[in-house]
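Read the numbers this way: they start at 1 and go in the same order the structure lists the ligands and their atoms. Heavy atoms only: backbone and side chains are in, while hydrogens, waters and symmetry mates are out.
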Amino acid sequence: MSDHIQIERLGAVQVIRMNRPEKKNALTRAMYAAMSKAIVEGDADPEIRAHVFFGVPGAFSSGNDLQDFMAFATSGDPVSEVIEFLIVLANARKPLLAGVDGLAIGVGTTLNFHCDLTFATPQSFFKTPFVDLGLVPEAGSSLLGPAQMGHQRAFAFLAMGDGLNAVEAREAGLVYKLVETEELEATVLKVAAEIAAKPPQAMQIARDLLRMPREPVVERINLEARHFAERLQSEEARNALMAFLTRKKG
Ligand code: COA
């Protein structure tokens with residue numbers, strides 16, 4: 001279990017908090033594993049009826065830990081915890097909510113495609129710099145992104161790496177509502193409790209009916225992962241990762 005993921009149960013709501021503020025919530029393999037475990041266990045527990053993702057003030061997540069990506073690029077170690085987490089996310093049975101404040105980069109953005117409701121503060125910023133890193137979209141975002149925001153917006157966002165501010169993210173359908181910072185967590189927890197108070201079986205079926213069928217999403221996650229793993233070994237990716245890891249800060 002990772003210290004950087006805190007799990008809390010508030011009544012029928014499970015809160016999964018990414019808590020690595022010193023690295024802007026960059027996600028390590030241990031963090032992915034802890035989040036997968038929480039979702040699987042929460043889904044299996046009849047007392048839990050909704051999952052909520054939170055980050056820390058100013059950083060929902062800066063995406064995958066680039067040091068881990070570099071380790072993969074140089075050693076070829078499989079990043080299996082990442083793929084497992086993405087598949088667990090796509091297969092989640094209970095409603096997923098997120099409260100985003102500040103940076104949501106890479107998987108910090110794409111996990112929201114799997115959420116049923118994302119609330120964000122006005123200073124939130126969503127960005128997926130996959131191609132600039134020599135990589136490709138992940139987490140099923142190449143399928144869910146165009147379906148949610150249309151091809152052209154998804155292309156600008158997921159292939160060109162154009163960022164979305166909070167208002168743009170709401171307009172694109174990635175965010176449900178904007179909430180002031182001091183209201184964020186209370187609002188998300190209140191809505192999660194409202195969901196949890198509804199008939200759970202009907203809620204699960206309704207959610208399943210509303211979401212894209214799981215099978216093509218999981219298939220896409222696996223296809224993206226094959227490209228991603230191959231790209232991570234490329235010179236384009238190595239150069240981009242090295243540039244980040246050796247950058248001089250002003
Ligand atoms: N992986 C590993 N470390 C990361 C990280 C990541 N994805 N994002 C941030 N960090 C680390 C920084 O290296 C820095 O560590 P240090 O203090 O030991 O030097 C610390 O977190 C704080 O980040 P910093 O860059 O100083 O903060 P900032 O506010 O100037 O910029 C970001 C924040 C997130 C914009 C910038 O760090 C960034 O671009 N990170 C990479 C994001 C990314 O490409 N993610 C992968 C997407 S697929």
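One N or O on the side chain of D101 and one on the backbone of G58 form a donor-acceptor pair closer than 3.5 Å. Side chain of E224 to main chain of A139: a donor-acceptor pair is present (N/O by atom type, distance under 3.5 Å, no hydrogens or angles). No donor-acceptor pair closer than 3.5 Å links the side chain of R49 to the backbone N or O of M203.
Cluster membership check: F244 shares its hydrophobic cluster with V136, using side-chain heavy-atom separations under 4.5 Å among Ile, Leu, Val, Met, Phe, Trp and Tyr.
Taking the six-membered ring for Trp and thresholds of 30 and 60 degrees, F69 and F228 have ring planes inclined between 30 and 60 degrees apart.
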I'd like the atom pairs linking ligand 1 to the protein - N or O on both sides, separation under 3.5 Å - with distances to 0.1 Å.
from     : atom 1 : to   : atom 2 : distance (Å)
ligand 1 : 1 (N)  : L66  : N      : 2.8
ligand 1 : 7 (N)  : S62  : O      : 3.2
ligand 1 : 7 (N)  : N64  : O      : 3.0
ligand 1 : 8 (N)  : S62  : OG     : 3.0
ligand 1 : 13 (O) : R247 : NH2    : 3.1
ligand 1 : 15 (O) : K23  : NZ     : 3.2
ligand 1 : 17 (O) : K249 : NZ     : 3.3
ligand 1 : 18 (O) : K23  : NZ     : 2.7
ligand 1 : 19 (O) : K249 : NZ     : 3.0
ligand 1 : 25 (O) : R247 : NH1    : 3.1
ligand 1 : 25 (O) : R247 : NH2    : 3.1
ligand 1 : 26 (O) : K249 : NZ     : 2.7
ligand 1 : 29 (O) : K24  : NZ     : 3.2
ligand 1 : 45 (N) : S62  : O      : 2.9

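Side-chain polar atoms of Q123 and T181 form a donor-acceptor pair below 3.5 angstrom.
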